[in-house]
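Working notes, structure below.
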Amino acid sequence: MREYDAIFIGAGQAGPFLAARMAAMGRKVVLIERKFLGGTCVNAGCMPTKALVASAKTAEVARRASEFGVKIDGEPIVDMSAVAARARKVTLDARSGLAAWFDSLETMDVVYGHAKFVAARAVSVEGKRYTAPQIFINVGARPHIPDVPGLADVPYLTSTSMIALEELPKHLVILGGSYIGLEFAQMYRRFGAEVTVIERGQHLAAREDTDISQAIADVLTKDGIRILRGHNLLSIARDGADVVVRTDQGEVRGSHVLVAVGRQPNTDDLGLDLAGVETDQRGFITVDERLQTTVDGVWALGDCNGRGAFTHTSYNDFEIVAANLLDGGDRTVTDRILGYGLYIDPPLGRVGMTERQAKEAGHRIKVSTRPMSRVGRAVEKGETLGLLKLVADADTDQVLGAAFLGVGGDEAVYGVLDAMNMEATTEKLRWAVPIHPTVGELVPTLIGDLREPDA
């Protein structure tokens, strides 16, 4: 038996930072990881996919060069092996950086293997037992594979395996029209593949308001992506070198299939029942507002707790627990204002409530929108797709949310995010003097155009 002050299961974007903080204070900690340091973000999410997005953007800029007075002879050639190698280097550099950091911490041990609870304060790894008064679970999530007849019999791809692909699909069929699937749809279309997206619902990125969802569809359609909405999957089968996807409205024949219908937590093989740690029906670990599980001394951080599905929410989980346990604070997960991005081109930056969510929450609202075709910075850059949208409370003048779909939208939305965290009213925000020419300079204009929507 090996005794520690704290055990960390999983090396994602929350636990390791808390472990390193404790180790720097002289506490004896062990970080247990079954595969790679860095979790989803470093190895199969943000870093490699955004590297691929950058390559796809470069290919698109090259194709459009003549619009800007730059002449390139012939169609740009995309070297998929070089594209994949670049993404892989980004991941390996980040992973090795983490390893070097952890190696420098004298009271922190890193153990590779599959950790399973054997009691509330003990886990086993490859037959070795580790105990501690505090245990932190940061095991992340993985692609969900739906129970579709025939799917198991075809060589389908997931967001994880897609990153390593070094060949260009002739026709990529994507199951699922949400954030992950849409990013891959656009990047592989720009690499030169034919792409079809099959979505069960009537809207892409269904969490968004209808106008934002439709604008996303317009962006992707303009890139030549075929979008099928309202299609229920019936079966999938191989036909020679092709994969045939059958829906209730027909069939789609492709060379490759990407499954992107959601994610599920990596909690089903941790022995949580032996520790008394409860989960919900989907497998997410039940936590309170301070991220403690149903067992005293055990916390769940990151994607596995169902309280956020992003690198930044995972890191914020670390900040909350560190503040409460190490700094004498009293922070809760309900304090944070959620923001996130969809990294198609142009990107979507989202903060707070949608118009629909604000209405459902009982707010009397004001809404303002502006097409990117009326944003000077977008016109100058020749990127006028998308729109800006702001939602505010009509009674209190508090900003409730924003969606910036357009060039620089993922950065420009920070003005709204900061204002919401500071609880600034629209009246205060409208008198800011923004920098011209930028996308963010339109926030005061949006505020001036706020109106109650038609019933």
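Start at 1 with the first residue, then count along the sequence.
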Checking [X] side chain against [Y] main chain: does a donor-acceptor pair fall under 3.5 Å?
X    : Y    : answer
S96  : L92  : yes
N43  : L37  : yes
S255 : K170 : yes
D209 : D211 : no
N138 : G12  : yes
D303 : G140 : no

Does [X] reach the side chain of [Y], with side-chain heavy atoms less than 4.5 Å apart?
X    : Y    : answer
I7   : V29  : no
V367 : L390 : no
L168 : V78  : no
V252 : V244 : no

- What residues form a side chain to side chain donor-acceptor pair (under 3.5 Å) with D93, not counting sequence neighbours?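 Side chain to side chain donor-acceptor pair (under 3.5 Å) list for D93, sorted by chain: K89.
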List in chain and number order the residues that pass ring-ring contact (aromatic ring centres under 6.0 Å, His included) with [X], two or more places apart in sequence or in another chain; answer none if no residue qualifies.
X    : answer
F117 : none
Y188 : F191
Y130 : none

- Q292: what forms a side chain to side chain contact (heavy atoms under 4.5 Å, CB included) with it, not counting sequence neighbours?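 If we apply the side chain to side chain contact (heavy atoms under 4.5 Å, CB included) test to Q292, skipping adjacent residues, the hits are D288, D296, W299.
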Give every residue pair that meets the salt bridge (charged side-chain N to carboxylate O under 4.0 Å, His left out) criterion with at least one member in [range], sequence neighbours excluded.
range            : value
residues 62-73   : E60-R63, R63-E75, R64-E67
residues 341-355 : K57-D345, R190-D345, E208-R350, E355-K359, E355-K389
residues 136-146 : R142-D268
residues 332-343 : D317-R336

- Query: Have N316 and E319 got a donor and an acceptor in their side chains that come within less than 3.5 Å?
  - Reply: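 Yes - a donor-acceptor pair under 3.5 Å links their side chains.
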- Pick one: which of R263, Q264, R282 meets side chain to side chain donor-acceptor pair (under 3.5 Å) with H144?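 Going through the options one by one, the only one that passes is Q264.
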- Item | Results of salt bridge (charged side-chain N to carboxylate O under 4.0 Å, His left out) for E167 - residues two or more places apart only |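 With neighbours one apart ignored, the set is empty.
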- Message: Among F318, Y4, F8, exactly one meets ring pair (Phe, Tyr, Trp, His ring centres under 6.0 Å) together with F136. Which residue is that?
- Response: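 For F136, the ring pair (Phe, Tyr, Trp, His ring centres under 6.0 Å) check succeeds only for F8.
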- Item | N-O pairing of R253 and D239 below 4.0 Å |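 Salt bridge present between R253 and D239.
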- Message: Going by side chain to side chain donor-acceptor pair (under 3.5 Å), name the pairs with one or both residues in residues 403-418, residues two or more places apart or in two chains.
- Response: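 Qualifying pairs, neighbours excluded: none.
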- Task: Scan residues 157-180 for pairs that pass ring-ring contact (aromatic ring centres under 6.0 Å, His included), counting only residues two or more places apart or in two chains.
- Result: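 ring-ring contact (aromatic ring centres under 6.0 Å, His included) check on residues 157-180 returns Y179-Y340.
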